[in-house]
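See structure below.
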Amino acid sequence: MKEIKIFSPASIANLSCGFDILGVCLNDIGDEIVVRKTKEKGIKILKVTGQKLTLDVNKNVAGVSALALLKETNVDCGFEIEIHKGIKPGSGIGSSAASSAGSVFAINQLIGKPYSSKELIKFALEGEKIASGAAHADNVSAVLLGGFVFVRDSLNFDIFKLNNPIDLAFTILHPQIEVKTSESRALVQRPVTLDKLITQSANLGAFISGLYKEDYNLISRSIKDVVIEPIRSILIPEFEKLKEISLSNNALGFGISGSGPSVFAMSKGLVNAKKIGDLLKEKYRELGFSFDIHTSTVNEKGIQIIKIK
Ligand code: HSE
């Protein structure tokens, strides 16, 4: 195997009640990454299309995660990487995670898969760290493992998949403003008061229970965020209006995707998700804001191989 082309998907982190510890992998939206073996050792980023990003391997997240993998692995060749960005950086749907997880997934395939997808998380996290200033594993774990993921302890990589009720679908609205994860993280207030801690942990426990029981009503009652959303939502134009439209049109929940500015509505079924998409589109058009909109079911598999040579 000399060359591999993969699809590395977008993801939603936090899912309201699980700041830094819950994530879900999406379908259709994502980056395509090509990695080739080279005689010359080391990592080179040949080109990035779709977005303006650095080719410097020490600054591009795909290069940083790939270097972390190579540092720990004995290989007698090098790798060149081409990244075709389908996800806009600073959108809140895991742009840096798709690139940093994608490069290590592809290299792992080319060297005979010495690492499991779960073991690749630690390398992908090195890329995520330089993008957001913190090693939060919610996005990279969702991309590498697929489905809903839970990060119990990111330092010791105690990370696992959760049950995925088959009927869940997401609408994602991306207002065309860039919110840097590092800046959005700096806004988050500490410490959290005891009453908020109680509410947030009650919702998190109930949400996970809802996923396993496939109890859509319980999922809906618990996908709420009393800690982060009240602060970060100020950055998102008409957040409360978008939430109201979604929740009054059968959305099970509505919140900020990752660190924003994207927002998500979670629905039962793609038909509901598409209908909410049309309504949110209508509202943003009326207000004259630029945006992208996506609908997606849950991607159970994570990164997909497109072609191998
Ligand atoms: N959990 C991270 C945050 C995700 O909300 O800051 C960033 O995409």
Side-chain angles (χ1 to χ4, degrees), residues 8-26 29-31 51 61-62 64-65 85-102 121 124-145 148-155 157-159 162 170 172-175 177-190 192 196 200-201 203-204 207-208 223-236 239 253-264 266 292 294 296 299 302:
S8 195
S11 53
I12 298 176
N14 302 335
L15 291 161
S16 300
C17 49
F19 181 66
D20 276 1
I21 54 183
L22 271 179
V24 67
C25 189
L26 300 172
I29 323 150
D31 298 345
Q51 295 295 324
V61 296
V64 173
S65 59
K85 289 299 292 176
I87 317 172
K88 291 183 182 156
S91 56
I93 49 171
S95 178
S96 53
S99 294
S100 45
I121 293 171
L125 257 188
E126 293 302 313
E128 193 68 310
K129 239 192 255 177
I130 64 151
S132 71
H136 57 85
D138 40 7
N139 289 105
V140 289
S141 308
V143 175
L144 284 164
L145 304 181
F148 283 94
V149 292
F150 189 75
V151 182
R152 197 201 66 81
D153 175 357
S154 63
L155 291 178
F157 306 103
D158 190 356
I159 299 168
L162 301 170
F170 291 88
I172 299 109
L173 177 118
H174 173 207
I177 47 171
E178 189 180 346
V179 172
K180 288 214 165 75
T181 303
S182 49
E183 288 164 13
S184 186
R185 290 183 80 81
L187 281 181
V188 174
Q189 274 171 9
R190 287 153 224 201
V192 173
K196 284 190 178 160
Q200 198 87 343
S201 41
N203 280 329
L204 177 62
F207 178 75
I208 293 169
I223 185 160
K224 295 195 172 124
D225 176 6
V226 295
V227 178
I228 315 292
E229 183 179 298
I231 304 158
R232 282 184 170 171
S233 58
I234 297 159
L235 301 172
I236 301 161
F239 179 85
F254 182 91
I256 303 170
S257 178
S259 55
S262 287
V263 291
F264 74 88
M266 183 197 259
D292 285 333
H294 312 278
S296 175
N299 173 350

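Just follow the structure's listing: the first ligand is 1, and inside any ligand the first atom is 1. In what follows, residues are counted from 1 in the order of the sequence shown.
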Show the atom names and distances, to 0.1 Å, of all donor-acceptor pairs under 3.5 Å that link a side chain in residues 256-264 to residues at least two apart or in another chain.
{"from": "Ser257", "atom 1": "OG", "to": "Gly92", "atom 2": "O", "distance (Å)": "2.7"}
{"from": "Ser259", "atom 1": "OG", "to": "Thr181", "atom 2": "OG1", "distance (Å)": "3.1"}
{"from": "Ser262", "atom 1": "OG", "to": "Ser91", "atom 2": "O", "distance (Å)": "2.7"}

*asked:* My understanding is that only residues two or more places apart in sequence, or in another chain, count here; which of them pass ring pair (Phe, Tyr, Trp, His ring centres under 6.0 Å) with Phe148?
replied: none
*State which residues pass side chain to side chain contact (heavy atoms under 4.5 Å, CB included) with Pro89; sequence neighbours excluded, sorted by chain then number.*
Gln51, Leu53, Ser95
*Where Leu15 and Ile12 come nearest, the two heavy atoms and their spacing*: CD2-CG2, 4.0 Å
*Would Glu126 and Ser65 count as having a side-chain donor-acceptor pair, cut-off 3.5 Å?*
no
*Are Arg185 and Asp20 ion-paired here, with the side-chain N under 4.0 Å from a carboxylate O?*
yes
*Heavy-atom cut-off of under 4.0 Å around ligand 1: list whichever protein residues fall inside it, by chain and number.*
Ala13, Asn14, Phe19, Asp20, His136, Asp138, Asn139, Thr181, Arg185, Arg232, Gly258, Ser259
